[in-house]
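Below is one structure; the comments refer to it alone.
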Amino acid sequence: MAYFKMSWLALKWALKKPATSPYPFVPRRLLAGSRGKLSFTKDGCVYCNVCAKKCPTHAIVVNRANKKWAIDRLRCIACGYCVEACPKDSLTLKPEHGAPTITRDREIH
Amino acid sequence: MARTVIPFGPQHPVLPEPVHLDLVVEDERVVEARPSIGFIHRGLEKLAEKKDYVEFTYVAERICGICSFIHSQTYCQAVETLMNVPVPPRALYLRTIWGEMSRIHSHLLWLGLMADGMGFESLFMHSWRIREQLLDIIEATTGGRVIFGSCKVGGVRRDIDDETASGILKELDEIEKDMREIARVFLEDKSVKARLCGIGTLSKQEAYELGCVGPMLRASGVAQDMRTLGYAAFGDIAVEPVTRTEGDSYARSTVRCQELFQSVSIIRQAFAKMPAGEIAVKVTGNPTGETITRTEQPRGEVVYHLKANGTKNLQRFRVRTPTFANLPAMLKVLPGCDLADVPMIVLTIDPCISCTER
Amino acid sequence: MNQPQAFDVIAVDTLLERARALREQGFRLVQISATQLPDQVELTYSFDRDSRLTNLRLNLPNGARLPSISGVFGCAVLYENEVHDLFGVPVDGLAIDFKGNFYKTAVKFPFGSTKAPCAAPAAGAPAPCAVEEVKK
Amino acid sequence: MSPWTRLLIYLVAAPILGGLLAGWDRRITARMQSRQGPPILQPFYDVLKLWKKENVVVRRSQNYYIFFFLLFTVFTGGLFFAGADLLLVIFALTLAAIFFVLGAYKASSPYSFVGAERELIQMMAYEPMVLLTAIGMYMVTKSFHVHDIAGHGSLLIFALPGVFLGFLYTLEIKFRKSPFDLSCSHHAHQELVRGITTEFSGRSLAMIEIAHWYENVFLLAWVFLFFAAMPALGIVMSVAVFLFMIFVDNVFARLKWQAALKSAWAVTVVLGFGNILVLSLWSGKPAAPPAVVDAPSAPVMVETTTPKLAAQPLPATTTTDRRN
């Protein structure tokens with residue numbers, strides 16, 4: 001039958017477990033290499049401002065005088081350019097993604 | 001029915017992106033199609049004058065959400081040409097692999113949209129199910145699902161080790177098997193054929209003269225594929241352009257279906273031939289000069305025209321995307337078709353408006 | 001991979017002639033791109049045959065008119081409308097003239113020179129750049 | 001059960017059953033597409049939400065048409081379940097559909113215009129077959145009354161296999177399933193956005209949805225009529241038909257209206273007319289002999305049913321031949 005080429009595929013999958021998952025109830029599998037959320041560790045940071053300079057979207061602001069590091073999460077594109085540039089390895093990209101937000105507040109560390 | 005004007009877009013369920021067509025319809029037959037685009041012109045080309053050329057890779061990648069990797073690859077190639085950067089061979093192979101992966105995921109996306117366009121929802125869902133598997137591989141290797149972000153001037157940012165590579169090859173076997181099932185429905189099912197055969201036919205001559213590129217042109221019988229230029233690793237991996245002669249929507253989906261398997265074979269060859277070594281070289285200095293670089297995106301030939309004057313910003317950055325070149329052909333075949341065929345014809349060029357209005 | 005690239009500089013009035021000759025030789029139009037230089041617009045026409053590029057270059061003083069090659073290469077219409085909408089180059093003899101509505105930009109001729117006298121009605125509001133740089 | 005009780009049960013139970021059927025439909029469709037799918041009760045949530053939403057209309061009068069669409073759809077099913085004349089039922093069904101089309105025309109949007117036109121074309125495609133189904137049932141049972149047809153002793157499917165298949169074909173149109181989801185459909189929206197229902201929102205869209213539930217239950221009850229002699233088989237077959245509709249929905253691309261119209265008429269002529277022709281030829285012949293063969297004292301029931309039972313194999317086989 002030239003008309004029912006899809007039947008086998010549809011029936012096979014009707015009996016199989018669905019490929020999707022009930023998302024909010026079952027969290028998504030995290031992939032190790034994924035560029036998710038940028039995380040900052042205060043310990044080694046020398047507030048050299050390199051990350052802020054390299055950031056293509058100007059999401060990071062560093063204040064050397066007050067020893068403050070801030071990021072605008074809505075602006076960050078998770079490219080990881082700052083992670084590569086950081087001389088002290090204070091920045092890492094975690095595979096998990098950030099929580100949704102509706103405010104534009106800067107996250108200050 | 002008297003003449004009616006049916007507004008098609010800029011917000012229309014079949015269109016992922018905004019393009020507007022005023023369809024003058026007579027008894028469900030399209031008499032005239034008046035296009036208007038330019039709803040989302042972002043001026044990314046101008047942004048090149050403000051961002052330094054290294055940072056701009058990330059902007060170039062965001063020209064399009066689907067062929068993103070090949071955009072960044074082409075941009076890097078262009079800058080490397082200007083600066084005479086010797087890119088390590090391993091990086092070229094990795095670029096080829098990721099480029100072909102993005103071709104597969106783009107074609108699967110297109111096949112899904114095409115199935116959706118003809119009201120074949122289950123085929124659409126199954127195409128995208130397979131695409132998800134591939135996106136997982138891409139995310140695991142590059143860190144992003146569609147914005148790979150793994151290309152940089154002078155090489156690539158991440159390596160694929162041998163263990164991951166063998167895992168990918170194993171998964172590719174699975175994916176290829178699934179893709180064969182889908183392709184069988186696309187190419188053999190009679191109800192699909194009823195919707196695709198003879199729709200939007202372009203002769204070889206017309207397609208060439210209207211400046212079509214990519215699968216549009218190849219489906220009309222012109223064997224033109226920029227990969228034969230031998231950029232990246234395509235100097236070592238021979239690519240035979242997939243062509244058909246019918247020039248209708250069915251021929252175009254056939255070309256794309258076959259390219260899926262061609263890309264899988266290219267990825268396999270690339271993994272087999274990939275040399276060890278560095279994945280990037282350090283780039284210093286600023287670009288100068290002018291170049292026109294072309295690569296083959298899933299949608300066809302993309303042209304980058306870069307003009308630099310020795311500063312860290314480019315003087316002119318110009319992209320001619322494949323959709324832009326295929327639009328005249330779409331407008332050519334629209335008049336005379338049925339209203340039901342309009343989604344088929346619009347989708348058949350694989351429209352990417354965000355590319356077009358970079 | 002990198003083909004030698006030559007930019008064949010020609011005069012504006014020979015453009016149509018050259019385009020016709022290229023078409024007869026079986027070339028297709030690949031792209032038309034423009035660059036705004038301080039006092040002129042530099043136009044690059046790229047043609048392709050058998051994956052080989054041939055480039056023509058025009059230097060058009062600001063405000064000068066450009067003859068359309070849309071009569072020779074139909075698909076040039078889109079590129080020429082683009083050149084008009086982004087750079088403010090008035091184009092003569094367009095097969096389909098979008099009259100400045102091809103791109104719906106916030107300002108007229110965002111890529112063009114501010115000094116250019118504009119043929120379009122909104123000549124009063126040209127701005128140097130449509131792209132707002134992301135900066136706080 | 002009195003007709004009034006049946007009517008009452010229909011009025012109360014049909015929307016519940018219809019909604020559940022819609023829920024199952026979405027779930028099964030999702031599984032065929034390797035998705036999780038929504039909860040079974042999702043259609044009810046949807047309708048409740050629509051009911052609470054603001055009703056934005058182009059013209060206020062379009063809502064009245066939709067109200068009458070719902071009213072007449074319920075009326076159609078009501079007549080059917082009360083056991084009234086089948087022709088009257090078809091008339092009411094058509095009237096309901098016409099109100100729907102008028103509502104879409106009233107909305108004056110190009111999408112609902114084209115949707116309404118396609119709906120009319122679909123009506124052209126399915127009406128003859130629906131009528132033939134009623135005629136076929138009359139020829140077997142000698143009555144147009146649903147009450148009599150349901151009470152008829154034999155399985156109608158044996159005498160009307162062609163009509164049954166033709167009816168299935170039109171059901172695909174009535175259920176608005178692929179390949180015939182031309183005028184409007186739940187998932188497909190590629191050509192006409194939402195086609196006939198584009199300009200409806202809020203309460204009137206909810207009414208359309210409820211009307212579809214009533215309609216679907218009524219249509220499945222009609223399928224049941226083919227097997228009314230064996231109620232258990234009838235229910236099984238109705239469910240099977242419904243599952244088959246979902247299956248076909250998932251393995252077909254949408255056809256164009258030209259194809260829909262042509263194929264529906266071809267099916268009507270070949271299966272519908274063919275079946276009825278064979279039936280009339282067959283019942284025309286044995287109608288005379290019983291008077292000769294049977295004693296006048298034989299009970300009337302036997303007299304009418306025996307030739308029918310004897311007639312079963314032949315129409316069945318001939319129409320199967322036609323199908324092949």
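All chains are named by letter (A, B, ...) in the order of the sequence lines, taking the proteins before the strands, and each is independently numbered beginning at 1.
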Other residues, nucleotides and ligands only: do more than 12 of their heavy atoms fall within 6.0 Å of [atom1] on [X]?
X	atom1	answer
B:F39	CZ	yes
D:W51	CH2	yes
B:F261	CZ	yes
D:F68	CZ	no
B:E174	CD	no

Out of curiosity, [X] [atom1] to [Y] [atom2], how far, rounded to the nearest 0.5 Å?
X	Y	atom1	atom2	result
B:S122	D:R31	OG	CZ	15.0 Å
B:H126	D:S34	NE2	OG	5.0 Å
D:D249	B:E121	CG	CD	6.5 Å
B:M118	D:L255	CE	CG	11.5 Å

For this session: Taking all non-hydrogen atoms of both residues into account, name the closest pair between B:D189 and D:V251 and its distance.
Result: OD2-O, 4.2 Å
Seminar exercise, completed: Heavy-atom closest pair (B:F8 atom, D:Y111 atom, distance to 0.1 Å) is CA-OH, 3.9 Å
Exercise. Which of residues 322-338 of chain B get closer than 4.5 angstrom to chain D, counting heavy atoms alone?
Worked result: B:D338
Exercise. Are any non-hydrogen side-chain atoms of D:Q33 and B:L123 less than 4.5 angstrom apart?
Worked result: no
Exercise. Is a donor on one side and an acceptor on the other found under 3.5 Å between the side chain of B:S191 and the backbone of D:F252?
Worked result: no
Exercise. Is there a donor-acceptor contact under 3.5 Å from the side chain of B:R195 to the main chain of D:R254?
Worked result: yes
Problem set entry | Interchain contact, B:V185 with chain D, by part (heavy-atom threshold 4.5 Å) | neither
